[in-house]
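Counting begins at 1 with the first residue of the sequence.
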Amino acid sequence: MDKGFIMIMVTCASRQEARKIAASLLKKRLVACANILPKIESRFWWKGKIDKAIEFLLIAKTAKANYKKIEKEVKRLHSYEVPEIIAVPVIAGSRDYLDWISQAIV
């Protein structure tokens, strides 16, 4: 049975923060895989003005059913007042890879 898979994106202030969040999510088996993309340039509205930052992007693969637990854990560990936590559906993927995700998470 298909669990409904998602990829969750979280921007982090540092590599250390991204690694800490990824490690916690993996240890709790909430995600099967976490990728950390280094030094992305972000531009955004914050407190009434356009701001910018160099961030690290964490991308995690999991089942949709785990989203709320992941959101709670990210908020607990994250340094930002309003962290980016965005889930996008996986509309297609290798059956072997999706089966692996199912087996890796709780």
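Across all their heavy atoms, E17 and A13 have their closest contact at OE1-N, 2.9 Å. Heavy-atom minimum distance, K75 versus P83: CG-CG, 4.3 Å. The nearest pair of heavy atoms linking A104 to A32 is CB-CB, 3.7 Å. Minimum heavy-atom separation, M9 to I59: CG-CG1, 4.3 Å. For F5 against L98, the heavy-atom pair with the smallest separation is CZ-O, 3.4 Å.
A chain of hydrophobic side-chain contacts below 4.5 Å, direct or via other Ile, Leu, Val, Met, Phe, Trp or Tyr residues, connects V88 to I105.
The line from NZ of K20 to OG of S79 is 7.5 Å long, rounded to the nearest 0.5 Å. Here the CD-NZ distance, from E55 to K39, works out to 13.5 Å after rounding to the nearest 0.5 Å. Note: N35 CG to M7 CE = 8.5 Å, rounded to the nearest 0.5 Å. Interatomic distance, L37 CG to C12 SG, rounded to the nearest 0.5 Å: 11.0 Å.
For residues 75-106, every residue pair satisfying the ring pair (Phe, Tyr, Trp, His ring centres under 6.0 Å) rule, not counting sequence neighbours, is listed here: H78-Y80, Y97-W100.
Side-chain contact between E84 and S42: absent, with no pair of heavy atoms (C-beta onward) separated by less than 4.5 Å. Counting only heavy atoms from C-beta outward, the side chains of D51 and R43 never approach each other to under 4.5 Å. Taking the side chain as every heavy atom from C-beta outward, P89 and K64 never approach each other to under 4.5 Å.
Clustering of Ile, Leu, Val, Met, Phe, Trp and Tyr by side-chain heavy atoms under 4.5 Å joins F44 with W46, V82. Chaining together hydrophobic side chains whose heavy atoms lie under 4.5 Å apart places F56 alongside I6, I8, V10, I21, L25, L26, L30, V31, I36, L58, Y67, I70, V74, L77, I85.
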